[in-house]
Amino acid sequence: MTLHEAIQQALLKAGKALTASEIAEVLNANSWYSKKDGSDIKGSQVAARVKSNSHLFSNMNNLIGLKTTQGLVAQKSVPKQKQISVKNIGLDDNLLMKVLINQKNFKSLSETEKNIPDAPGLYCVRIKDPKALDAVFFNVLTERNHTILYIGVASKSLQKNFFEEELRAKGHGTFFRTMGAVLGYVPEEGSLVGKSNQNNYKFSTDHEQEIITWIEEHLIFNWIATTTDLHAVQAKLIKEHLPLLNLAGNPGVINNVRVLRNKCKAIARGTK
């Protein structure tokens with residue numbers, strides 16, 4: 001179903017005119033139409049599609065309606081499936097790992113963040129198109145025939161450890177710091193001087209926001225909430241899949257990643 005057809009269905013179901021934002025909300029809640037990148041449909045996109053199909057829709061005082069219902073057949077509204085906590089469906093470790101890695105289960109951040117629970121679990125990060133990375137890293141992923149960047153553990157809370165720390169820079173997320181280094185960002189010189197932890201470098205606020213924006217645009221995610229032996233499962237997955245940005249326990253660790261992280265540490269320590 002195309003976007004304008006989905007808009008017709010939303011209006012047919014409502015039985016009245018709606019704003020573009022209201023239509024977008026309806027569409028994001030069901031499976032009539034989904035964007036290729038999995039991200040939410042925005043009101044501005046609805047408005048643009050309505051404008052380009054003025055023969056189908058009326059638009060008065062920001063209320064969009066159908067010019068005619070002739071020939072339209074109401075389609076069943078099926079709610080979009082949400083990610084389910086694996087602990088609730090009792091998977092063994094081998095099946096759990098397959099579910100986590102399966103590329104079909106990955107979503108964009110805008111869709112994923114709504115459902116991330118305050119519970120322990122595992123998460124995996126893929127890149128949509130490896131060409132968005134430096135050629136060295138693109139070549140590595142091409143050779144490994146996958147798009148996996150990182151496999152992580154949230155020992156207490158996926159919401160806090162995964163979403164807030166690793167994707168929103170609220171804390172000292174290993175993935176976020178590594179991703180920033182690989183993208184060419186460096187911390188402020190001497191920012192770790194006098195601090196007890198000499199490894200947890202941070203980027204400037206402006207650079208953090210740029211990294212967050214890049215992550216939102218280029219990466220997709222999957223997570224599973226589970227109380228299994230998280231570190232044991234993570235170790236198996238890292239050894240099997242050789243994620244690009246995992247360093248610890250990774251037999252396929254890329255020296256370029258380590259060099260870039262060490263460069264950031266040296267700058268933050270004031271030794272470079």
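The first residue in the sequence is number 1, and the count goes up from there. All of these numbers come straight from a predicted model, not from anything done at the bench.
In this structure, the side chain of H146 does not engage the main chain of L141 through any donor-acceptor pair within 3.5 Å. Using modelled atom types, no side-chain atom of E164 and backbone atom of N161 make a donor-acceptor pair closer than 3.5 Å. At least one donor-acceptor pair closer than 3.5 Å links the side chain of D229 to the backbone N or O of A232. Judged by distance alone, with hydrogens and angles left aside, the side-chain atoms of E166 form no donor-acceptor pair with the main-chain N or O of F163 at under 3.5 Å. With N102 contributing its side chain and K98 its backbone, the two residues share no donor-acceptor pair below 3.5 Å. In this structure, the side chain of Q9 engages the main chain of Q75 through a donor-acceptor pair within 3.5 Å. Panel note: side chain N105, backbone N222; no donor-acceptor pair is recorded below 3.5 Å. With hydrogens and angles disregarded, no donor-acceptor distance shorter than 3.5 Å links the side chain of W214 to the backbone of G180. Listed for the Q159 side chain is a donor-acceptor partner under 3.5 Å among the backbone atoms of I116. D129 contributes no side-chain N or O that, together with a main-chain N or O of H218, makes up a donor-acceptor pair within less than 3.5 Å.
Residue E22 places its CD atom among more than 12 non-hydrogen atoms of other residues, nucleotides or ligands, all under 6.0 Å distant.
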Please tabulate, one pair per line, all N/O donor-acceptor pairs under 3.5 Å involving side-chain atoms of residues 43-50, not counting sequence neighbours.
from	atom 1	to	atom 2	distance (Å)
Q45	OE1	K42	N	2.7

Quick one: side chains of residues 246-268, donor-acceptor pairs under 3.5 Å with protein atoms, not counting sequence neighbours, listed by atom name and distance.
from	atom 1	to	atom 2	distance (Å)
N246	OD1	I151	N	2.9
N246	ND2	I151	O	3.0
N250	OD1	G252	N	2.9
N250	ND2	P243	O	2.9
N250	ND2	N246	O	2.9
R261	NH1	T178	OG1	2.8
N262	ND2	R258	O	3.3

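Within the model, atoms OG1 of T142 and CZ of R144 stand 11.5 Å from one another, a figure rounded to the nearest 0.5 Å. F138 contributes atom CZ, which lies 10.5 Å from atom CD1 of I127 (distance to the nearest 0.5 angstrom). With rounding to the nearest 0.5 angstrom, the CG atom of L72 is 6.5 Å from the CG atom of L66. In this structure, CD1 on I215 lies 13.5 Å from CD1 on I220, to the nearest 0.5 angstrom. With rounding to the nearest 0.5 Å, the separation of OG1 in T205 from NZ in K202 is 7.5 Å. Interatomic distance, OH of Y33 versus CD1 of I7, reported as 9.0 Å (0.5 Å rounding).
Taking the side chain as every heavy atom from C-beta outward, T226 and P120 never approach each other to under 4.5 Å. Side-chain contact between K160 and D118: absent, with no pair of heavy atoms (C-beta onward) separated by less than 4.5 Å. The shortest side-chain heavy-atom distance between H55 and K67 does not fall under the 4.5 Å cut-off. Counting only heavy atoms from C-beta outward, the side chains of L109 and L167 approach each other to under 4.5 Å. Contact check for D134 versus V182: no side-chain heavy atoms found under the 4.5 Å cut-off.
Both M1 and I64 sit in one connected hydrophobic cluster of ILVMFWY residues. Membership requires side-chain heavy atoms under 4.5 Å apart, directly or through other members. Cluster annotation: L245 and V186 are assigned to distinct hydrophobic clusters (Ile/Leu/Val/Met/Phe/Trp/Tyr, side-chain heavy-atom contacts under 4.5 Å, transitive). The same ILVMFWY cluster, assembled from side-chain heavy atoms under 4.5 Å apart, contains both I41 and L56. L18 and L12 end up in the same hydrophobic cluster when Ile, Leu, Val, Met, Phe, Trp and Tyr side chains are linked at under 4.5 Å. When hydrophobic clusters are built by joining Ile, Leu, Val, Met, Phe, Trp and Tyr residues whose side-chain heavy atoms come closer than 4.5 Å, directly or via intermediates, L11 is grouped together with V26.
A side-chain N or O of S110 and one of S108 form a donor-acceptor pair less than 3.5 Å apart. When only modelled atom types and interatomic distance are considered, N62 and T19 share no side-chain donor-acceptor pair under 3.5 Å.
At least one test fails for R177 against the ring of F203: distance under 6.0 Å to the centre or angle within 45° of the axis.
Taking both residues in full, the closest heavy atoms of Y123 and A154 are given as CE2-N, 4.1 Å, listed atom of the first, atom of the second, then distance. Scanning all heavy atoms of the two residues, the minimum distance from T147 to P130 falls at CG2-CG, 4.0 Å. For the pair N199 and L192, the tightest heavy-atom approach, listed with the atom from each and the gap, is N-CD1, 4.1 Å. Nearest heavy atom pair, residue F106 against residue I101, reads CE1-O, 3.5 Å. Of all heavy-atom pairs between M179 and L219, the closest is SD-CD1, 4.3 Å. Heavy-atom minimum distance, A181 versus Y201: CB-OH, 3.9 Å.
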Derivation and outcome, side chain to side chain contact (heavy atoms under 4.5 Å, CB included), residues H4 and F57: CA-CA 9 Å; H4 75 264; F57 305 104; 4.2 Å; yes

Trace of the side chain to side chain contact (heavy atoms under 4.5 Å, CB included) decision for Q234 with L122: CA-CA 8 Å; Q234 180 197 32; L122 294 150; 4.0 Å; yes

E216 and R168: CA distance, side-chain angles, deciding distance, salt bridge (Lys or Arg N to Asp or Glu O under 4.0 Å) verdict: CA-CA 10 Å; E216 291 176 342; R168 286 291 182 259; 2.9 Å; yes

L237 vs L100, side chain to side chain contact (heavy atoms under 4.5 Å, CB included): CA-CA, chis, key distance, verdict: CA-CA 10 Å; L237 286 167; L100 180 65; 3.6 Å; yes

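Annotation: ring pair (Phe, Tyr, Trp, His ring centres under 6.0 Å) contacts of H207 (sequence neighbours excluded): Y185.
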